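From a predicted model like this one, the values you see are computed outputs, not experimental measurements. We count ligands from 1, going down the list as the structure has it; atoms in each ligand are counted the same way. Position 1 is the first residue of the sequence; numbering continues from there.
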Amino acid sequence: MVLRIADAVSGGEVVPVETAHISGVSYFTIGEYGVEFLEFLASSGAKVSILTTSNPAAIDLSGLLQVDEKVVEGQSRISKALRSMGVSIFYTCAPYEFILTRPRTYHAWAESNAITYINTFRDSWSDKNPGPLALLGAIAGFVPKTALYTLDGRRPTAAVEVNIGPLGPLEAGVVGALIGERIGSGVPYIKGAVFADEESRREFAAALSTYSAMVFAVVEGATPNWRQYLELADFRDKIQISAEDIASYVRDVETPDVVYIGCPFADLETVLQIVAEVRGRGPTKRPVYISTSPGVYKQIQRLVEEVSGYNVKIFSGACLVVSPYTRRFRVIATDSLKAMFYIPKLHGVRVVPCRREECLELAYA
Ligand SMILES: C[C@@](O)(CCOP(=O)(O)O)CC(=O)O
């Protein structure tokens, strides 16, 4: 099947890949037909031939997100099928946290934030493979050699100037979304962007690829080999992003029912910062939900228990984008542009943006 797809999209050429990461493994997003597809592959004896990880599921590791029995059952069928194919069911949207991909190595990843992260901040090469293709590629060990697996296909096409100072997670997300919306396709070459921390890099990568089809940007001074990319550049577009552009994106904040941090999954530092803040201030008035990766979660289990008494709910392996649990809320405040995009579409719940500090203020308001 991979060869047939390659005939259609890459002139029959394929590229061997070191790792795969599949998306579309939540019963909420793939439903019955998706489960049947996975069960069909598993029952045919298919096995992955490379390290393959999976995106978040509809249910978290400790059962904090209570969902219908039907979803529990569907999710467990998905896990069973994935496990029998040899997929590492370490449900995370941030596999780059523990798979330290090297520059100029090939990968078949399907989750757009993760692809954009490794392409942009590591110059590791992955195109956006649809979930089923990433899985088929994991079994075959190769995927179609589409443009992003070639140097020519990674040639920057748009010059972007961002002179705003260090970008925190919300600003980084807005910059990603604005570049995505204004350019739409091609490869942006970004000058002047400084990311305040790891969370900001994650939010930028997630927003760029949520608000456009782009999964690679060259960030001057940050992307490995950026000088070579600059030499190759063939700029057709030129845009500037200003502090005013960012301000106009972040509208007045409506009072939320809950605050949500962790789309993409929050890194350890972010979790620890929030924990320190609530330890100092005491229980929040509105619940704060934080999704993080199973790896981080396992390291901080004692803290998770401690802050649950402060109305802070840290969970892992699932997120509020792919879990139907989200539907019980009316308004969610978040610093994630990706959550802002998907939650209203998938769950019909309103989402308002806030900087991390403002989000916490809202939790205490
Ligand atoms: C809901 C989901 O499709 C989010 C969108 O992912 P992406 O940004 O298109 O990779 C993820 C998933 O189903 O695993």
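Using modelled atom types and a 3.5 Å distance limit, the side chains of Asn113 and Tyr96 yield a donor-acceptor pair.
Using a 4.5 Å heavy-atom cutoff, the side chains of Phe216 and Thr120 are in contact.
The aromatic ring centroids of Phe329 and Tyr260 lie 6.0 Å or more from each other.
Judged as a side-chain hydrogen bond (donor to acceptor under 3.5 Å, both in side chains), the pairs with a partner in residues 203-215 (not counting sequence neighbours) are, in order, Ser112-Ser209, Thr116-Ser209. Note on residues 3-17: no pairs pass side-chain hydrogen bond (donor to acceptor under 3.5 Å, both in side chains), not counting sequence neighbours.
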Please list, one pair per line, the donor and acceptor atoms closer than 3.5 Å that link side chains of residues 33-42 to other protein atoms, with sequence neighbours excluded.
unit_1: Glu39; atom_1: OE1; unit_2: Arg77; atom_2: NH2; d: 2.9
unit_1: Glu39; atom_1: OE2; unit_2: Arg77; atom_2: NE; d: 2.8

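Contact shell of ligand 1 (protein heavy atoms, cutoff 4.0 Å): Ser23, Gly24, Thr29, Asn55, Ala110, Glu111, Ser112, Lys128, Val322, Lys338, Tyr342.
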